[in-house]
Amino acid sequence: MIETVVQVDLPVDETLQIRKMRLQPEDGGNGRRISIVTGIHGDELEGQYVCYKLSDYIQKNIKYLAGTVDVYPALNPFGIDSITRGIPAFDLDMNRIFPGNTEGDMNEYLAAQIVRDAAGSDLVFDIHASNIFLTEVPQIRINELHRDRLVPYAEEANVDFIWIHGASTVLESTFAHSLNAAGTPTLVVEMGVGMRITQAYGDRLFAGIVHLMKRLGIWEGEDFDVRTPIVSADNEDVGFLNASVSGIFLKNVEHGAVLKRGDLIGRIVNPLTGTVEDEITSPEDGWLFTIREYPVVSEGSLLGRILYGKESSV
Amino acid sequence: MEKKVLFEIKALYRDDFRVSGFSFGHGEKAACIVGSMRGNENQQLYCCSQLIRKLKELEAKGRIHEGKEILVVPCVNPYSMNIKKRFWSIDNTDINRMFPGYDEGETTQRIAGGLFEAIKDYVYGLQFASFYMPGRFVPHIRVMKTGFEDVELAKKFGFPYVLLHTPRPFDTTTLNYNWQVWETKAFSVYTTSTEEIDRASARQAVESVLNFLRKTDVIDYDGFEGYVSKVVSTEEMVTVRNRTAGFFEGKAGAGEHVRKGQVLACIADCYEGNVTDEICSPADGTILFAHAEPRAYQNTAVYKIIPEKDEW
């Protein structure tokens with residue numbers, strides 16, 4: 001059943017609605033609930049496929065559903081509709097206004113109603129797709145404040161990598177932090193790249209979600225095997241590669257590559273002069289879990305991230 | 001006056017990206033004034049241009065105190081200004097969410113880091129700031145409550161109001177917040193507008209900055225003495241919201257004194273023209289902020305009022 005989570009009237013003949021699909025057995029189920037949320041950033045579309053696939057699968061196998069599945073495919077409908085990362089008209093990053101405010105302006109009100117609706121779930125997935133610049137292997141990012149509660153779930157979500165990062169005051173305004181701080185376990189998935197859908201990654205995450213639904217007692221149908229991810233809790237394990245000069249980045253390897261120290265990752269070239277401005281090589285042995293997809297770079301642009309001393313789990 | 005490049009990046013097809021500073025006098029790093037940080041901050045850039053013009057005159061007359069240096073950075077983001085984009089040209093990130101910056105980080109982190117390195121040691125840090133919502137302000141000084149704030153010093157600008165603001169999580173990466181953490185006495189100067197140039201309010205802001213520099217013994221200046229500032233915390237302000245969406249017809253503007261029950265604005269249906277909401281003031285007070293767009297979304301903070309307790 002499609003439900004409206006929150007709606008507001010717009011000035012010119014339109015109502016903004018944030019909607020979800022609620023899937024339940026006919027008797028209402030056992031009270032356990034998983035929520036799949038995506039589309040906070042309008043240019044991240046990987047979660048669209050996961051929402052579709054999960055909803056389709058459950059509806060075709062509804063007899064195995066024991067609890068509730070809420071699917072929120074578009075928290076930022078304006079952004080998705082207009083290929084805009086933030087909230088158009090406000091130039092605002094939606095993932096910096098949580099937990100919102102029911103007495104606040106339109107966007108704060110929307111945020112507060114979304115949090116109110118998703119709170120109390122046994123588990124929430126917040127699916128992101130990096131951005132339009134970077135491609136990521138399927139991974140879950142966890143604020144160290146919530147590691148004890150979240151890592152056991154994340155380890156069964158069928159991703160390649162769990163990155164436990166340091167606490168940051170800025171990140172306290174995110175959807176996931178707001179829910180985690182309120183006691184609703186929420187996993188942030190990053191995978192693929194902005195403006196595109198990588199179905200193979202979506203299939204992987206779908207299997208992980210069904211597996212966790214089974215574990216939570218929400219699903220009584222087929223289970224899926226999940227892979228064991230690499231877990232990094234040491235920020236010094238992760239190396240950031242930033243552009244030393246402006247130019248056009250030509251990658252030499254794909255994300256997920258296992259690198260030896262000195263391996264060529266890519267070049268920054270200048271098409272005007274026909275010259276190579278820099279060659280980017282791996283500083284250490286490691287696993288390239290992020291690589292730049294968008295070729296135009298300024299000095300400082302992120303080109304990739306390496307997990308040092310590891311090999312792919314794939 | 002000495003013009004210097006504080007930070008630069010070489011680009012592929014555009015001219016080099018430069019953050020330029022204009023320094024006056026020599027000696028102790030007394031005061032740094034920063035202007036536009038986003039591509040739509042014309043008023044903030046204009047204020048700095050007028051301040052630079054005035055400081056040049058004062059310097060020529062020997063009015064900068066011996067052993068004091070003032071630095072003005074009129075624009076932190078010329079790239080975005082020149083293409084009329086609010087945030088950074090490639091990735092749309094906001095430089096004023098990147099402080100204190102990081103010299104080995106991403107582009108806007110490097111810009112913030114490069115600028116901060118050049119300006120972090122000043123005694124006083126002033127930023128001509130803008131608000132994210134479209135509207136007009138009564139010029140005021142805003143101070144973040146970080147534990148390092150100095151409200152008495154903020155009164156030296158002579159603005160009618162000093163606003164005390166409790167930082168939210170995303171405020172911790174602004175220039176103002178980080179200046180304070182690095183023990184610079186930091187203040188945000190809000191003038192009436194952002195995209196449009198309001199010469200009268202720019203003049204008031206420049207006079208207030210010069211007034212502040214005089215009272216803190218940085219310059220000699222015989223100008224605007226200013227108001228006795230009233231200190232208000234943002235929690236004390238009354239926010240007025242519209243119940244319906246539609247055309248916004250303001251009947252009261254920033255700076256006006258209003259009475260409880262007075263009609264401040266009407267909302268009219270965008271198709272049929274009938275009034276769907278009449279917005280009345282919930283308190284006696286002064287309008288600090290007034291919405292200034294033709295249309296309003298439902299539940300927008302269209303007015304912010306400083307309630308008056310025993311005036312009138």
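Chain A is the first sequence line, chain B the second, and so forth, proteins listed ahead of strands; every chain is numbered from 1. Values below: every heavy atom of this structure, side chains too, minus hydrogens, waters and symmetry copies. Remember, predicted model here, so these are calculated numbers, not experimental data.
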Please give me the minimum heavy-atom distance between A:D105 and B:M133, naming the atom from each residue. OD2-SD, 4.4 Å

Would you indicate whether B:E183, at its atom CD, is surrounded by more than 12 heavy atoms from other residues, nucleotides or ligands within a distance under 6.0 Å? no

Is there a side-chain contact between A:N242 and B:R110 in this structure, where contact means two heavy atoms from C-beta onward sitting under 4.5 Å apart? yes

One should read off an interatomic distance between A:N107 CG and B:N299 CG, to the nearest 0.5 angstrom, of 10.5 Å

Inspect the surroundings of NZ in B:K260 and state if more than 12 heavy atoms from other residues, nucleotides or ligands are less than 6.0 Å away. no

A:T169 (side chain) donor-acceptor with B:P169 (main chain) under 3.5 angstrom: no

With only heavy atoms counted, which part of A:E103 is less than 4.5 Å from chain B, the side chain, the backbone, both or neither? backbone

Using a heavy-atom cutoff of under 4.5 Å, enumerate the residues of residues 244-253 of chain A that contact chain B, numbered in order, or state 'none'. A:S246, A:G247, A:I248

Is a side-chain donor or acceptor of B:Q298 paired with a backbone partner of A:V8 at a separation under 3.5 angstrom? no

Give a yes or no on whether B:K145 atom NZ has more than 12 heavy-atom contacts from other residues, nucleotides or ligands under 6.0 Å away. yes

Taking side chain as C-beta onward, heavy atoms only, is B:Y13 less than 4.5 Å from A:P271? yes

What are the two closest non-hydrogen atoms of A:P11 and B:R295, and how far apart are they? CB-CD, 4.0 Å

Is B:R14 atom CZ crowded by more than 12 heavy atoms from other residues, nucleotides or ligands, each under 6.0 Å away? yes

When the aromatic ring centroids of B:Y297 and A:F90 are compared, is their separation below 6.0 Å? yes

Report, by ascending residue number, the residues of residues 232-253 of chain B in heavy-atom contact with chain A at a distance under 4.5 Å; give 'none' if the set is empty. B:R241, B:A245, B:G246

More than 12 heavy atoms of other groups within 6.0 Å of A:R19 CZ: no

Between CG on residue A:D93 and CZ on residue B:R97, distance to nearest 0.5 Å: 10.5 Å

A:F133 versus chain B, heavy atoms under 4.5 Å apart: side chain, backbone, both or neither? side chain

So how far is it from A:E172 CD to B:T172 OG1, rounded to the nearest 0.5 Å? 8.0 Å

Evaluate A:F240 against B:Y102 for side-chain contact (heavy atoms from CB on, under 4.5 Å), listing each step before the verdict. CA-CA 13 Å; A:F240 291 71; B:Y102 177 43; over 6 Å; no

Contacting region of B:Q109 [heavy-atom separation from chain A under 4.5 Å]: neither

In this structure, CZ of B:F17 is separated from OG of A:S298 (nearest 0.5 Å) by 9.5 Å

Taking side chain as everything from C-beta outward and backbone as N, CA, C, O, which of these in B:Y271 sits under 4.5 Å from a heavy atom of chain A? Side chain, backbone, both or neither. side chain

Take atom CD1 of A:I83 as the centre, draw a 6.0 Å sphere, and report whether it contains more than 12 heavy atoms from other residues, nucleotides or ligands. no

Can you check whether B:N92 reaches A:D91 side chain to side chain, under 4.5 Å on heavy atoms? yes

Might you point out which heavy atoms bring A:V269 and B:L12 nearest each other, and give the distance in Å? O-CD1, 4.5 Å

Surrounding OH of A:Y294 (heavy atoms of other residues, nucleotides or ligands, distance under 6.0 Å), is the total greater than 12? no

